[in-house]
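Written below as structure tokens is the structure these notes are about.
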Amino acid sequence: MASAVLGGAADRVPDVARIAVLRANALGDFIFVLPALEALRAAYPQAEIVLLGAPWHEQLWRDRPGPVDRVLVVPPAPGIRTATEGEPESSTVDFLAAARAERFDLALQLHGGGANSNPLVAALGARLTAGLRAEDAPPLERWLRYVYYQHEVIRYLEAVALVGAAATTIIPALAVTETDRTEARTVLGESERPRVALHPGATDTRRRWPADRFGEVARTLHADGYEILVTGTSAEREVVDQVVATAGVPVRPQVGTLSLGGLAGCYAGCELVVSNDTGPLHLAAAVGTPTVGIFWVGNLITTAPVTRGRHRPITSWTVHCPVCGVDCTPGIYPHRPGDGDCPHRDSFVTDVPVAEVLEAARELLFR
């Protein structure tokens, strides 16, 4: 079956009433799977699509139009997801019992390589399983080889094609609700200037552009007549404070003031978002806001916006660790010289000059 399906899109599966989709990781990761979910909705318009996700997915999809009908929260487990603060304990055994009672017709693994996730999907008791498979992962009934350097959106569109769901779009889109907009207005108030948001954080510090450069962007765009917001999670408060301190002009830090839906409403009201390659950048693009993103070249291949009408990904070409000089590509390309890994987490995107970011920002703002 695998070799036949990998040769092209499969036929649709008959009599499908309920589809499970495993995608329980972070915000940006989830944004990339939205076109695949839209493809499933188009292929199976009468089926219920149940996202196997995290608690934040359940909150995000409450009363939000889109391809997800319902969220079933997956318990924390290695390779699936980590527990969130204050989350009650839950059992994988109990989860699987409840999931089997759903009597899924299709179960799709859109979560990663599958070493941990394929056994979970196989245990759901679905009529047919399909999805991704790395070399160390057990197979599903229909599977596609997981290859790291592929754009994430295309990867998941290929995966849902295994069950006959053809692509309807390659552009991730998330609906912004009136609740989102109301929360943003309540927190931010009305502005006398058009707004630009900067997001200087990223979970992986190697993807962080220096805070003082965000400060320079803030200073320049403020002089151009824009109100500047600086967004961040509670874990990113320090870097947000650094941007505020180096900007030297009035900016508005927003750390922990907005829910995820409120952040969507905030970005939808901005003229532009300038950000590192991280979840909020991809959220901004998904709600239709122009973006300037700072990308390491490897992530440019896998996650940068696929269109350029409203988005400008700025590329760093650094592949050697800026501390020890190790070539960090052989982890993916083992036949190349070097050991491919090092313990350092210094930024890989410091070669991106402020002038390039400002040029791209002004091109989008002044067009």
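Position 1 is the first residue of the sequence; numbering continues from there.
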Do side-chain atoms of [X] reach the backbone of [Y] as a donor and acceptor pair under 3.5 angstrom?
{"X": "Glu363", "Y": "Phe366", "value": "no"}
{"X": "Arg133", "Y": "Ala130", "value": "no"}
{"X": "Ser347", "Y": "Arg208", "value": "yes"}
{"X": "Asp277", "Y": "Phe295", "value": "no"}
{"X": "Thr289", "Y": "Ala285", "value": "no"}
{"X": "Thr169", "Y": "Ile171", "value": "yes"}
{"X": "Asn276", "Y": "Thr278", "value": "no"}
{"X": "Arg219", "Y": "Thr246", "value": "yes"}

Legend entry - Residue list, side chain to side chain contact (heavy atoms under 4.5 Å, CB included) with Arg12, at least two apart or on another chain: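 Checked Arg12 against side chain to side chain contact (heavy atoms under 4.5 Å, CB included); matches are Ala43, Tyr44.
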Legend entry - Sequence-distant partners of Pro253, side chain to side chain contact (heavy atoms under 4.5 Å, CB included), two or more places apart: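 With neighbours one apart ignored, the set is Val240, Val244.
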Donor-acceptor contacts, no H, no angles, side chain residues 88-98, under 3.5 Å, sequence neighbours left out:
unit_1: Ser91; atom_1: OG; unit_2: Val93; atom_2: N; d: 3.1
unit_1: Ser91; atom_1: OG; unit_2: Asp94; atom_2: N; d: 3.2

Residues 188-196, side-chain donor-acceptor partners within the protein, below 3.5 Å, at least two apart:
unit_1: Ser191; atom_1: OG; unit_2: Arg193; atom_2: N; d: 3.1
unit_1: Ser191; atom_1: OG; unit_2: Arg193; atom_2: O; d: 2.6
unit_1: Ser191; atom_1: OG; unit_2: Glu227; atom_2: OE1; d: 3.1
unit_1: Arg193; atom_1: NH1; unit_2: His222; atom_2: O; d: 2.9
unit_1: Arg193; atom_1: NH1; unit_2: Tyr226; atom_2: O; d: 3.2
unit_1: Arg195; atom_1: NE; unit_2: Glu227; atom_2: OE1; d: 2.4
unit_1: Arg195; atom_1: NH1; unit_2: Gly189; atom_2: O; d: 3.4
unit_1: Arg195; atom_1: NH2; unit_2: Leu188; atom_2: O; d: 3.2
unit_1: Arg195; atom_1: NH2; unit_2: Gly189; atom_2: O; d: 2.9
unit_1: Arg195; atom_1: NH2; unit_2: Glu227; atom_2: OE1; d: 3.4

Legend entry - Distance-minimising heavy-atom pair for Pro35 and Phe32: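 Smallest interatomic distance, heavy atoms only, reads CD-O, 3.6 Å.
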Inset, instruction - First locate atom CZ of Arg23, then atom CG of Leu108, and finally report the distance between them rounded to the nearest 0.5 Å. - result: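 Nearest 0.5 Å value for the CZ-CG distance: 12.5 Å.
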Check: residues 351-358 side-chain donor-acceptor pairs under 3.5 Å, at least two apart:
unit_1: Asp351; atom_1: OD1; unit_2: Ser316; atom_2: OG; d: 2.5
unit_1: Asp351; atom_1: OD2; unit_2: Ser316; atom_2: OG; d: 3.4
unit_1: Asp351; atom_1: OD2; unit_2: Trp317; atom_2: N; d: 3.4

Inset, instruction - Please confirm whether Arg127 makes a cation-pi placement over Phe104, using NZ or CZ under 6.0 Å from the six-membered ring centre and within 45° of the ring normal. - result: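 Geometry flag: not set, cation outside 6.0 Å or 45°.
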Identify each donor-acceptor pair in which a side-chain atom of residues 256-268 lies under 3.5 Å from a protein atom, sequence neighbours left out, and give them as a table.
unit_1: Thr257; atom_1: OG1; unit_2: Gln254; atom_2: OE1; d: 2.7
unit_1: Ser259; atom_1: OG; unit_2: Glu183; atom_2: OE1; d: 2.6
unit_1: Ser259; atom_1: OG; unit_2: Glu183; atom_2: OE2; d: 3.1
unit_1: Ser259; atom_1: OG; unit_2: Gly261; atom_2: N; d: 3.4
unit_1: Ser259; atom_1: OG; unit_2: Gly262; atom_2: N; d: 3.1
unit_1: Tyr267; atom_1: OH; unit_2: Thr231; atom_2: OG1; d: 2.8

